[in-house]
Amino acid sequence: AALRPRHLQVLNESHMHRVPPNSETHFKVVVVSPEFEGLSLVQRHRRVNDLLAQEIADGVHALSISSHTPTQWEKKQNVEPSPSCTSKMPFGRR
């Protein structure tokens, strides 16, 4: 079922991780939807994951989800920045 988002951001955060340049493997999704009313955080994330199942299967390595109801978003309207990757090794080395 569609979420009918009132606000949607899809942020490619791959550049913050140890991946090749121009990768599309690490994403943050910020979604505000009335469909989240009455749902737990886990239920919200399951809804988003279900909608993005094909993208995840096609090579998304990491997905951060920030899900809010419209009322929650009105109070906050921002999302904490994601931390940088903690790996100190250059890409391709283990």
Side-chain angles (χ1 to χ4, degrees):
L3 293 177
R4 300 180 329 208
R6 294 205 181 149
H7 177 83
L8 177 64
Q9 286 179 279
V10 179
L11 307 168
N12 183 353
E13 296 187 332
S14 301
H15 66 280
M16 299 168 61
H17 298 274
R18 197 175 55 88
V19 296
N22 303 313
S23 291
E24 293 184 340
T25 56
H26 296 69
F27 292 90
K28 177 186 279 188
V29 173
V30 180
V31 60
V32 178
S33 172
E35 301 295 319
F36 293 145
E37 293 288 348
L39 297 181
S40 71
L41 187 60
V42 170
Q43 291 170 317
R44 294 175 188 189
H45 286 207
R46 285 182 180 153
R47 294 276 307 270
V48 173
N49 278 317
D50 288 348
L51 290 170
L52 296 175
Q54 187 60 54
E55 288 78 4
I56 293 168
D58 287 346
V60 171
H61 172 74
L63 178 64
S64 172
I65 302 170
S66 182
S67 57
H68 309 274
T69 65
T71 302
Q72 291 170 327
W73 188 247
E74 285 176 17
K75 293 177 184 174
K76 190 173 182 184
Q77 292 198 15
N78 69 341
V79 177
E80 297 296 323
S82 297
S84 293
C85 181
T86 58
S87 175
K88 303 293 185 212
M89 299 182 77
F91 173 74
R93 298 190 61 196
R94 292 189 183 241

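Heavy atoms only: backbone and side chains are in, while hydrogens, waters and symmetry mates are out.
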In short, Val31 meets Pro5 closest at the heavy-atom pair CG2-CB, 3.8 Å

inquiry  = Let's go through Val10 and Val30 carefully: what are the C-alpha distance in whole Å and the side-chain angles of both, what is the deciding distance for side chain to side chain contact (heavy atoms under 4.5 Å, CB included) to 0.1 Å, and is it a yes or a no?
reply    = CA-CA 7 Å; Val10 179; Val30 180; over 6 Å; no

Applying side chain to side chain donor-acceptor pair (under 3.5 Å) to Ser67 and not counting sequence neighbours gives none

Acceptor/donor pairs from residues 36-43 side chains to any protein atom, 3.5 angstrom cut, sequence neighbours excluded:
{"unit_1": "Ser40", "atom_1": "OG", "unit_2": "Gln43", "atom_2": "N", "d": "3.1"}
{"unit_1": "Ser40", "atom_1": "OG", "unit_2": "Gln43", "atom_2": "OE1", "d": "3.3"}
{"unit_1": "Gln43", "atom_1": "OE1", "unit_2": "Ser40", "atom_2": "N", "d": "2.7"}

Tightest non-hydrogen contact, residues Ala2 and Arg47, listed as O-NH2, 3.7 Å

Note: with side-chain heavy atoms under 4.5 Å as the link, the other cluster members for Leu11 come out as none

Here the ring pair (Phe, Tyr, Trp, His ring centres under 6.0 Å) pairs for residues 62-81, sequence neighbours left out, are His7-Trp73, His68-Trp73

Which of Thr69, Ile65, Leu3 passes side-chain contact (heavy atoms from CB on, under 4.5 Å) with Arg44? Answer is Thr69

Side chain to side chain contact (heavy atoms under 4.5 Å, CB included) between Val29 and Leu63: does it pass, once the steps are laid out? CA-CA 7 Å; Val29 173; Leu63 178 64; 3.5 Å; yes

Rounding to 0.5 Å, atoms CD (Gln77) and CD (Gln72) come to a distance of 12.5 Å

Let me check something: any side-chain donor-acceptor pairs from residues 48-55 under 3.5 Å, sequence neighbours excluded? List them with distances.
{"unit_1": "Asn49", "atom_1": "ND2", "unit_2": "His45", "atom_2": "O", "d": "3.1"}
{"unit_1": "Gln54", "atom_1": "NE2", "unit_2": "Asp58", "atom_2": "OD1", "d": "2.8"}
{"unit_1": "Gln54", "atom_1": "NE2", "unit_2": "Asp58", "atom_2": "OD2", "d": "3.3"}

